[in-house]
Amino acid sequence: MTGGTTTERPQLYEILDERFRTGKCHVGDSTLETLHADCRWAEGPLYVPAGRYVVWSDIPNDRMLRWDEATGTIGVFRSPAGHPNGNTLDCQGRLVTCEQGNRRVTRTEHDGSVTVLADRFEGRRLNSPNDAAVRSDGTIYFSDPDFGITTDYEGHAAQSEIGACNVYRLDPDGGGIHLAADGFRGPNGLVLSPDESRLYVSDSRANHVRVFDVHEDGSLADAGVFVACAPGLGNFDNIRFDTAGRLWAAAMDGGVHCYDPDGTLLGRLLVPTPVANIRFGGPKRNRLFLAADTTLYSLVMGVTGLPPLPGRHQLRPAGGVR
């Protein structure tokens, strides 16, 4: 570990713009820490502050795993688990999970029971929900590509009943499901901007990140493409913001990309295995958890991820990201 020094670590941190250095994005551990390396395909890491643990998804093995921060122990959180993918917390600290195999979005209550939040749109089964983001008022946005129904590897092979891959909105307190955005080839990771005025959605098949203005009622307005992944630099999966408004993108073989609010690629984390999902956590929210192929890594960094709900909307980062 660097102990707060600013020495460049070329084996892990690739600096492409001086703002990556001045923003302390290269400060932190000099190597990745392996927390667990026995998954078949890892995704969906989520740090749960109340319990100081990480849950994540091992999709083909149809299970969710748990890593305890205090003891370092690994255990099975849930199995079978509906071939889960993305996980997040709602405003009450309850687990929200996108279950590809069960073709639904669920919430785990504080007593451990599971509530189905969405499994159909206009009477037709969802494809295979992938990732979710929660607004401070309880609105949930989730992506619904067809990744879990194309084969039996990450779900169950089936025909799409909807015939498209969309992003949906769930109103708070069971207010219904709405089509939030369409026109995607493979919507994947999604995240709200620090002040929740914009929703960013990665499209893995188009290999770009689209951005939408969020209206007061939760509806979205297309604001175009925020950034496209340069050829040869990987393939976008999920995305996260830090408190300075920089967007961090898991880019499979391209490691983890860091984008300035103006869309400039500032630098990368060069990871030895394909990175599907990332999540900031730890007591200071400066520990990045990376689900990469069969492995869950962590990296203590010089940057801080967005805080858990509520209160995220109060942040106003410099640089133009709303």
Side-chain angles (χ1 to χ4, degrees), residues 41-46 55-60 62-64 77-78 80-90 94-108 114-135 138-172 174-192 199-205 210 212 218 220 236-240 250 276-277 279 291:
W41 180 253
E43 297 219 31
L46 171 68
V55 293
W56 78 99
S57 303
D58 184 0
I59 303 176
D62 193 14
R63 62 181 182 173
M64 294 174 66
F77 180 83
R78 181 181 295 157
H83 294 87
N85 197 316
N87 300 287
T88 193
L89 295 176
D90 72 1
R94 295 171 296 187
L95 175 66
V96 175
T97 300
C98 294
E99 300 180 7
Q100 289 190 167
N102 289 333
R103 301 171 71 170
R104 66 186 190 178
V105 180
T106 63
R107 182 180 67 218
T108 302
V114 175
T115 299
V116 177
L117 300 178
D119 60 2
R120 293 177 182 271
F121 175 66
E122 296 181 342
R124 293 168 292 174
R125 293 190 72 188
L126 298 172
N127 296 325
S128 55
N130 184 282
D131 198 14
V134 180
R135 198 166 72 157
T139 300
I140 299 174
Y141 299 94
F142 69 92
S143 56
D144 187 40
D146 59 4
F147 305 153
I149 60 174
T150 55
T151 71
D152 288 319
Y153 186 68
E154 293 189 2
H156 305 288
Q159 293 295 316
S160 172
E161 296 184 14
I162 294 174
C165 299
N166 302 317
V167 169
Y168 297 97
R169 181 183 94 241
L170 288 172
D171 289 337
I177 181 172
H178 308 272
L179 176 64
D182 56 13
F184 297 95
R185 293 172 59 190
N188 200 323
L190 70 172
V191 65
L192 286 156
L199 181 74
Y200 291 72
V201 184
S202 72
D203 188 326
S204 292
R205 290 185 177 129
R210 291 173 62 184
F212 300 85
L220 304 179
F236 286 147
D237 200 302
N238 94 318
I239 48 181
R240 300 293 171 206
N277 281 191
R279 173 79 70 163

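Here, residue 1 is the first one in the sequence, and each next residue gets the next number.
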Side-chain donor/acceptor of Ser128 to backbone N/O of Gln100, under 3.5 Å: no
Intermediate values then yes/no, side-chain contact (heavy atoms from CB on, under 4.5 Å), Cys98 and Asn130: CA-CA 5 Å; Cys98 294; Asn130 184 282; 5.6 Å; no
Thr139 and Arg169: CA distance, side-chain angles, deciding distance, side-chain contact (heavy atoms from CB on, under 4.5 Å) verdict: CA-CA 7 Å; Thr139 300; Arg169 181 183 94 241; 3.5 Å; yes
Flag, side chain of Asn127 to backbone of Asp144, donor-acceptor distance under 3.5 Å: yes
Under 3.5 Å donor-acceptor, Arg103 side chain and Leu126 backbone: yes
Shortest non-hydrogen contact from Gly138 toward Pro172: C-CG, 3.9 Å
Side chain to side chain, Asp62 and Pro80, heavy atoms closer than 4.5 Å: yes
From CZ (Arg107) to CG (Leu89), nearest 0.5 Å: 12.5 Å
Any donor-acceptor pair under 3.5 Å from Glu161 side chain to Arg125 backbone: yes
Just list the side-chain donor-acceptor pairs under 3.5 Å for residues 115-122, sequence neighbours left out, or say none.
{"unit_1": "Thr115", "atom_1": "OG1", "unit_2": "Glu109", "atom_2": "OE2", "d": "2.6"}
{"unit_1": "Arg120", "atom_1": "NH1", "unit_2": "Gly123", "atom_2": "O", "d": "3.1"}
{"unit_1": "Glu122", "atom_1": "OE1", "unit_2": "Arg124", "atom_2": "NH2", "d": "3.2"}

Pairwise side-chain contact, Arg94 with Thr108, heavy-atom cut-off 4.5 Å (strictly under): no
side-chain contact (heavy atoms from CB on, under 4.5 Å) assessment of Phe142 paired with Ile177: CA-CA 10 Å; Phe142 69 92; Ile177 181 172; 3.8 Å; yes
Main-chain N/O of Glu99 paired with Thr97 side-chain donor or acceptor, under 3.5 Å: no
Full working for side chain to side chain donor-acceptor pair (under 3.5 Å) between Asn238 and Asn188: CA-CA 6 Å; Asn238 94 318; Asn188 200 323; over 6 Å; no
Side chain Tyr168, main chain Pro129, donor-acceptor under 3.5 Å: no
Pairwise distance CG(Asn102) to NE2(His83) - rounded to 0.5 angstrom: 9.0 Å
Nearest-0.5 Å distance that lies between atom CZ in Arg210 and atom OH in Tyr200: 14.0 Å
Minimal non-hydrogen separation, Ala133 against Val191, with atom names: CB-CA, 4.4 Å
Test item: Asp152 side-chain N/O and Ala157 main-chain N/O as donor-acceptor pair under 3.5 Å: yes
Donor-acceptor pair, side chain of Arg279 and main chain of Asn87, under 3.5 angstrom: yes
From CD1 (Ile59) to CE (Met64), nearest 0.5 Å: 11.0 Å
Arg63 side chain vs Asp58 backbone, donor-acceptor pair below 3.5 Å: no
Check against side-chain contact (heavy atoms from CB on, under 4.5 Å), Tyr141 and Leu220: CA-CA 10 Å; Tyr141 299 94; Leu220 304 179; 3.9 Å; yes
Parallel, tilted or perpendicular, as decided by the 30° and 60° cut-offs, for the rings of Phe212 and Phe184: tilted
Side chains of Phe147 and Arg205 in contact at under 4.5 Å (non-hydrogen atoms): yes
Minimal non-hydrogen separation, Ala42 against Ala276, with atom names: O-CB, 4.0 Å
Donor-acceptor side-chain pairing of His178 and Asp171 below 3.5 angstrom: yes
For Trp41 against Glu154, the heavy-atom pair lying closest together: CD1-OE2, 3.4 Å
Donor-acceptor contact below 3.5 Å, side chain Ser202 vs main chain Asp237: yes
Asp146/Arg185 ion pair, N-O < 4.0 Å: no
Non-neighbouring partners of Asp182 that pass side chain to side chain donor-acceptor pair (under 3.5 Å), sequence neighbours left out: none
Ser57 versus Asn85, side-chain donor and acceptor atoms under 3.5 Å: no
Minimum heavy-atom distance Gly44-Asn277, with the two atoms named: N-OD1, 2.7 Å
